[in-house]
Amino acid sequence: MKRQIVLILVVLGLLLAATSSAADIQIRVGGFGGTDTAIVEELIARFVQPKLKGIKASYEPIADNYDRWLLNSLSAGTGPDLFYVDIFWSKGLFSSGAVEPLDAYLAKSTTLKKTDIIPSLLAGFTYKDKIYGIPKDFNTLAVFYNKDIFDVARVPYPNENDDWNTFADKLSMVKAGMKDVYGIALAPEYARMGAFAYAAGFENFDGNGKTNLLDPAFRDAFGYYTGLAQKGIGIMPADVGQGWGGGAFQTEKVATCVEGAWIVGFLRDQAPNLNYGTTLIPKHPKTGQRGNFIYTVSWSMNAASKHKEEAFKALELLTSPEAQQWVLERGLALPSRVALVNNPYFKRTDREAIANKVVFEGASSGSVKPFEFGSYGGDWMTPINQALSSVMSGQQTVDKALSEAAKRLDVLTK
């Protein structure tokens, strides 16, 4: 009897020790601040924490300079177990060795496989044939238009059959019919104009890693985009006192803008009565193709994490079908899981669901490329953005601005 009591006490002791050890495991999740804070905290509370036994997951939002904070914390050995990686600067981080490859975890998982994720998105976080992140969601660009403005001007709405010429004609008619309204908000940024360059057939880099801004396809798109401003059809957001296209759009001083689904929540809050529609970006009149960017962020794992198995379990739950369905229905972003492509949400006829559907379709229509520029990051876009601004503000001609931008990029990529 005494021997049995001792054995029971030993077993209880081991169980208590195990329980105590598991309860101490903390999974730190790092990401953006702002609106992401409430979203991710609710995601964790709804879909992650209830299914993590003996593991505590917590979100650590970083309000400013997130990429710099992440790099510094990983270098110092204080980085979170899971964290956002923006596709824009992903390759540099992956090449550093600070991010854990996920291939082995995906191979063992019963709820998250490579084939569960839209291939083009997963490719954006694949580096040297290894997967370093699971895209949590994504966005592309679309044309948002003010129905009331087009109705008053008696101009047909933009639609998916428009090419650059018919789209410009409609914008021109709006401007002619409403003197105080411009046809389109034109951000002087490659982040918008680049979609038109891809439609024309432009590639950011050739086989030798060089950029040719004097490529006829690039000049074609650059001339079209800046020409809308030079003709008085479009206007830069700053010229109507706004910092981005969505801000200009909500003032109703422009009839259209080119943005992603991130504008939906903004309009819901700032212009709830604005009567808008959404359509795909117009096609190039000769190639018949559209262009677009994919903007996405992954959940990635710290290679130095002491709790990698537990962290991957949290990652599985953060990207579960239930979690992505919740994000979609909140109008926050689009799902990265293949199974949600035919989601009933996309069949709804309200303006927000239609906008999300159009943005979703943008990912597979024409020449679509991830919003990243290799190891050059944002430096690659700087000469182009300056050229766009100088031409659209009337300071330089297209040829002069492109010539100077090309020289600066040659120095950067030599």
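Quantities reported herein were computed from a predicted structural model and do not represent experimental measurements. Excluded from the calculations below are hydrogen atoms, water molecules and symmetry mates; all remaining heavy atoms, backbone and side chain alike, are included.
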**Asked** So, are Lys369 and Glu203 salt-bridged, with charged N and O less than 4.0 Å apart?
**Response** yes
Query raised in the report: Any chance the side chains of Tyr145 and Asn159 put a donor and an acceptor closer than 3.5 Å?
Result: no
*asked:* Is a donor from one side chain sitting under 3.5 angstrom from an acceptor on the other, for Tyr276 and Asp148?
replied: no
Contacts of Ser109 meeting side chain to side chain contact (heavy atoms under 4.5 Å, CB included) (sequence neighbours excluded), chain-then-number -> Thr111, Leu112, Phe312, Glu316
Determine, step by step, whether Asp220 and Trp164 satisfy the side-chain contact (heavy atoms from CB on, under 4.5 Å) criterion, reporting the C-alpha distance in whole Å, the side-chain angles of both residues, the deciding distance to 0.1 Å, and the verdict.
CA-CA 11 Å; Asp220 190 12; Trp164 290 7; 4.0 Å; yes
TODO: State whether the side chain of Arg219 and the backbone N or O of Leu213 hold a donor-acceptor pair below 3.5 Å, judged by distance alone.
DONE: no
Discussion item. Could you walk me through whether Ile55 and Gln26 satisfy the side-chain contact (heavy atoms from CB on, under 4.5 Å) test, starting with their C-alpha distance in whole Å, then the side-chain angles of each, then the deciding distance to 0.1 Å, before giving a yes or no?
Written reply: CA-CA 6 Å; Ile55 302 169; Gln26 299 284 323; over 6 Å; no
Minimal heavy-atom distance between Leu334 and Asn356, with the atoms involved, is CD2-O, 3.5 Å
Separation between CD (Gln324) and CZ (Phe47), nearest 0.5 Å, reads 11.0 Å
| message | Less than 4.0 angstrom from a charged side-chain N to a carboxylate O is my criterion; do Glu309 and Lys108 meet it? | response | yes
(request) Could you walk me through whether Ile134 and Ser298 pass side-chain contact (heavy atoms from CB on, under 4.5 Å), step by step? (result) CA-CA 5 Å; Ile134 303 300; Ser298 74; 5.8 Å; no
### Query
With no hydrogens and no angle check, do the side chains of Gln386 and Glu404 hold a donor and an acceptor under 3.5 Å apart?
no
Any donor-acceptor N or O pair under 3.5 Å, side chains Asp36, Tyr84: yes
- Could you tell me whether a side-chain N or O of Asp103 sits under 3.5 Å from a main-chain N or O of Ile131, the two making a donor and an acceptor? yes
Go through the side-chain N and O atoms of Asn146 and Glu252 and say whether any donor and acceptor fall under 3.5 Å apart.
-> yes
query: Do the non-hydrogen side-chain atoms of Leu402 and Phe218 ever get within less than 4.5 Å of each other?
result: yes
Between Trp299 and Thr319, does any side-chain donor sit less than 3.5 Å from a side-chain acceptor? no
Notebook entry, point to check: So is Lys91 actually on top of Tyr127's ring, under 6.0 Å and inside 45° of the axis?
Noted result: no
Looking only at heavy atoms, the pair that brings Arg348 and Ile354 closest together is O-CG1, 4.0 Å
With sequence neighbours left out, the residues meeting side chain to side chain donor-acceptor pair (under 3.5 Å) with Asp379 are none
Here the gap from Leu186 atom CG to Cys257 atom SG, rounded to the nearest 0.5 Å, amounts to 10.5 Å
Ring centres of Phe205 and Trp380 under 6.0 Å apart?
-> yes
- Going by atom types only, do Glu100 and Tyr105 share a side-chain donor-acceptor pair under 3.5 Å? yes
| query | Is it the case that Asp86 and Tyr66 place a side-chain donor and acceptor less than 3.5 Å from each other? | reply | no
Does Glu310 offer a backbone N or O that forms a donor-acceptor pair with the side chain of His307 under 3.5 Å?
no
For the rings on Phe249 and Trp244, is their centre-to-centre separation under 6.0 Å? no
Task: Aromatic centroids of Phe138 and Tyr295 separated by under 6.0 Å - done: no
In Val258, Asp162, Asn161, the residue satisfying side chain to side chain contact (heavy atoms under 4.5 Å, CB included) with Pro282 is Asp162
Decide side-chain contact (heavy atoms from CB on, under 4.5 Å) for Val143 and Leu280; before the verdict, give the C-alpha distance in whole Å, the side-chain angles of both, and the deciding distance to 0.1 Å. CA-CA 6 Å; Val143 174; Leu280 294 168; over 6 Å; no
For this session: Give the ring-plane orientation class for Phe88 versus Phe373, where under 30° counts as parallel, over 60° as perpendicular and anything between as tilted.
Result: perpendicular
Closest heavy-atom pair, Phe293 versus Arg192, reported as atoms and distance to 0.1 Å, is CE1-N, 4.4 Å
Nearest heavy-atom approach of Gly183 to Thr256 is O-OG1, 2.8 Å
Heavy-atom closest pair (Ala195 atom, Ile281 atom, distance to 0.1 Å) is CB-CD1, 4.1 Å
| task | Establish, from distance only, whether the side-chain atoms of Asn343 and Gln325 form a donor-acceptor pair under 3.5 Å. | result | yes
Value for OG (Ser300) from CG (Leu82), rounded to nearest 0.5 Å, stands at 8.5 Å
For residues 127-136, the salt bridge (charged side-chain N to carboxylate O under 4.0 Å, His left out) pairs (sequence neighbours left out) are none
When you measure from the side chain of Thr37 to the backbone N and O of Gly34, does any donor-acceptor pair fall under 3.5 Å? yes
* Asked: Okay, side chain of Lys113, backbone of Ala107: is any donor-acceptor separation there less than 3.5 Å?
  -> yes
Do Ser390 and Gln395 get their side chains close enough for a donor-acceptor pair, meaning under 3.5 Å?
no
Scanning both residues in full, the closest heavy-atom pair of Ile149 with Ala255 reads CG2-CB, 3.8 Å
